[in-house]
Amino acid sequence: MSAGDGRGDSEALGRVGEALLGCIAHGGLVAVCSGAGCSAESGIPTFRGAVAGGEGADAPGGDDGDDPAIALPLWSRNDPAALATPEGFARDPELVTRWYDWRRRRCLRASPNAGHRALAELEALCAGADGDGFVLLTQNVDGLHQRAGSVRVHELHGSLYRWRDVATGAERVFADPAPMGVYPPRNDATGNALRPCVVWFGEALPEEVVDAGLEAASRCEVFLSVGTSAAVYPAAGFAEAAGARGAFVAEVNLEATGLSGVADVSVRGRCAELLPRLVSMVRAGLGER
Ligand code: OAD
């Protein structure tokens with residue numbers, strides 16, 4: 001089932017709300033997997049797919065000038081092989097680290113949107129006393145879920161703010177909105193180059209986040225996939241695995257994705273509009289019980 005005529009998606013959203021309420025009622029686990037579409041309305045570019053950016057798309061004080069291409073998905077105007085692989089970094093560490101520092105600063109300037117805040121509230125409604133009723137798996141590296149108040153967050157693809165020594169693995173956090181200035185940045189103690197703790201194509205995800213994803217897929221009653229093209233594995237596989245064992249799978253996205261065929265409900269539209277509506281349904285439903 002899918003719906004996407006703007007506001008005509010209430011029935012589909014209602015089915016997702018009912019599934020969430022049922023899950024909360026018997027203490028089941030709600031798993032959410034978010035992608036770049038969830039942050040699009042905070043003005044952070046996505047990687048692929050349809051575009052529905054937010055007011056912050058070209059935030060004043062930024063360094064993106066008036067470049068109209070800034071609204072396009074990143075992989076439609078940049079080569080992922082050059083910017084998001086170990087080989088690309090080995091070839092041109094200056095280019096790669098400049099690009100990640102540009103993204104880091106852009107994300108630092110951004111603020112969580114209504115979609116992020118809705119997911120933080122959903123966690124509070126679902127988590128239960130022991131916190132066991134909710135988990136958020138995010139492919140985003142921007143930290144906006146945490147800034148919106150989400151607690152049980154697993155960053156599948158790492159973080160733009162943590163950088164590590166290529167030789168020793170020692171990490172450093174860059175929280176300063178000023179440009180790093182030196183590319184690649186260096187570890188003061190060793191002089192070695194630092195790289196972002198972001199998972200690149202061809203690299204394995206950290207073991208603990210894969211375990212969290214597998215655990216969520218094997219235990220959840222409801223799996224909600226939001227703002228992701230579901231094109232990158234293993235992240236996309238968690239929703240598929242949950243669906244294969246009978247969990248209720250729902251998707252919120254601007255357009256159809258690889259997951260739409262297996263989702264019980266696919267709701268088309270913007271995360272910042274649909275997620276608050278969904279969460280207010282859940283809040284209202286809990287109030288009635
Ligand atoms: P993508 O950029 O692949 O997909 C974003 C999805 O969000 C698309 O399907 C859009 O249609 C949808 N979308 C855009 N704006 C939206 C909005 N306001 N509301 C709802 N949906 C919206 O992002 P991811 O699926 O997160 O990996 O990409 C997965 C990984 O691929 C990323 O983590 C990144 C990338 O290569 C790494 O960098 C390691």
Side-chain angles (χ1 to χ4, degrees), residues 2-4 6 9 13 32-57 71-86 88-89 96 99-100 102-104 107 110 112-116 118-119 136-145 154-160 162 195-206 209-210 213 224-240 250-260 263 266-278:
S2 73
D9 39 26
L13 217 50
V32 178
C33 183
S34 70
C38 199
S39 292
E41 290 162 273
S42 293
I44 297 174
T46 57
F47 297 92
R48 37 180 101 68
V51 173
E55 287 170 5
L72 297 172
L74 289 172
W75 295 153
S76 74
R77 57 195 159 98
N78 295 283
D79 177 9
L83 294 170
T85 64
F89 176 70
V96 171
W99 191 70
Y100 278 93
W102 166 74
R103 287 182 56 202
R104 179 189 73 86
C107 292
N113 65 53
H116 296 110
L119 290 177
L136 173 54
L137 311 164
T138 187
Q139 296 165 86
N140 298 343
V141 291
D142 54 34
L144 289 182
H145 286 302
H154 296 277
E155 294 181 311
L156 298 175
H157 294 164
S159 164
L160 285 172
R162 286 186 290 112
R195 59 157 283 182
C197 292
V198 166
V199 179
W200 285 331
F201 293 108
E203 294 184 325
L205 276 62
V209 297
V210 174
L224 194 53
S225 178
V226 298
T228 170
S229 59
V232 173
Y233 286 78
F238 298 140
E240 292 170 356
E251 168 183 68
V252 173
N253 206 297
L254 283 181
E255 60 184 356
T257 73
L259 192 64
S260 306
S266 189
V267 195
R268 303 276 161 76
R270 296 185 297 108
C271 286
E273 187 217 335
L274 294 174
L275 294 175
R277 280 171 60 194
L278 176 64

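Counting starts at 1 for both ligands and their atoms, in listed order. For clarity, every value in this text was computed on a predicted model and none was experimentally measured. What you see below is based on every heavy atom in this structure, not just the backbone, and it leaves out hydrogens, waters and symmetry mates.
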What's the verdict on side-chain hydrogen bond (donor to acceptor under 3.5 Å, both in side chains) for Ser34 and Gln139, showing C-alpha distance, side-chain angles and the deciding distance?
-> CA-CA 6 Å; Ser34 70; Gln139 296 165 86; over 6 Å; no
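- Residue contacts with ligand 1: Phe201 is included, with a non-hydrogen atom under 4.0 Å away.
- A donor-acceptor pair shorter than 3.5 Å can be found between the side chains of Glu251 and Ser266.
- Counting heavy atoms under 4.0 Å from ligand 1, residue Arg48 touches it through both backbone and side chain.
- Every atom of ligand 1 with a heavy atom of Arg270 under 4.0 Å away is listed here by number and element: 19 (N).
- For Cys271, heavy-atom contacts with ligand 1 shorter than 4.0 Å involve the backbone as well as the side chain.
- To the nearest 0.5 Å, the span separating NE2 on His116 from CG on Asp142 amounts to 5.5 Å.
- If you check each of Gly49, Ala84, Gly227 against atom 6 (C) of ligand 1, the one with the closest non-hydrogen atom is Gly227.
- Residue Thr228 places at least one N or O, backbone or side chain, under 3.5 Å from an N or O of ligand 1.
- Rounding to the nearest 0.5 angstrom, the gap separating the CZ atom in Phe47 from the CG atom in Asn78 is 10.0 Å.
- The distance criterion of under 3.5 Å between nitrogen or oxygen atoms is met by Ser229 with respect to ligand 1.
- Note that the OG atom of Ser159 and the CZ atom of Arg104 stand 10.0 Å from one another [nearest 0.5 Å].
- Nearest residue to atom 13 (N) of ligand 1 from Gly37, Ala230, Ala36 is Gly37 (criterion: closest heavy atom).
- Within the structure, the closest approach of Gly269 to ligand 1 falls below 4.0 Å when heavy atoms are considered.
- The side chain of Glu41, and not its backbone, has at least one atom closer than 4.0 Å to an atom of ligand 1 (non-hydrogen atoms only; side chain from C-beta on).
- Checking only distances, Val252 never comes within under 3.5 Å of ligand 1, N or O to N or O.
- The atoms of ligand 1 that sit less than 4.0 Å from any heavy atom of Gly35 are 26 (O).
- Taken to the nearest 0.5 Å, the CG atom of Leu144 stands 12.0 Å off from the CG atom of Leu119.
- The residue from Leu137, Leu136, Leu205 that alone fulfils the side chain to side chain contact (heavy atoms under 4.5 Å, CB included) condition with His154 is Leu137.
- Here the closest heavy-atom approach between residue Asn140 and residue Thr138 is recorded as N-OG1, 3.0 Å.
- Close approach of ligand 1 to Glu255 is summarised as follows: ligand atoms under 4.0 Å from at least one heavy atom of the residue are 8 (C), 9 (O), 10 (C), 11 (O).
- A salt bridge links Glu41 and Arg270; the closest N-O separation between the charged side-chain nitrogens and carboxylate oxygens is under 4.0 Å.
- Of the N or O atoms in Trp75, one or more lie within a sub-3.5 Å distance of an N or O in ligand 1.
- Between Arg195 and Glu203, at least one side-chain nitrogen of the basic residue sits less than 4.0 Å from a carboxylate oxygen of the acidic one, meeting the salt-bridge criterion.
- The shortest N or O to N or O distance between Ser34 and ligand 1 is not under 3.5 Å.
- Contact annotation for Thr46 and ligand 1: heavy atoms of both the backbone and the side chain come within less than 4.0 Å of the ligand.
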Check the pair His157, Trp200 against side chain to side chain contact (heavy atoms under 4.5 Å, CB included), reporting the backbone distance first and the verdict last.
-> CA-CA 8 Å; His157 294 164; Trp200 285 331; over 6 Å; no
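- The Val232 neighbourhood of ligand 1 comprises atoms 29 (C), 30 (C), 31 (O), with distances under 4.0 Å to a heavy atom of that residue.
- For ligand 1 and Ala40, the ligand atoms under 4.0 Å from any heavy atom of the residue are 15 (N).
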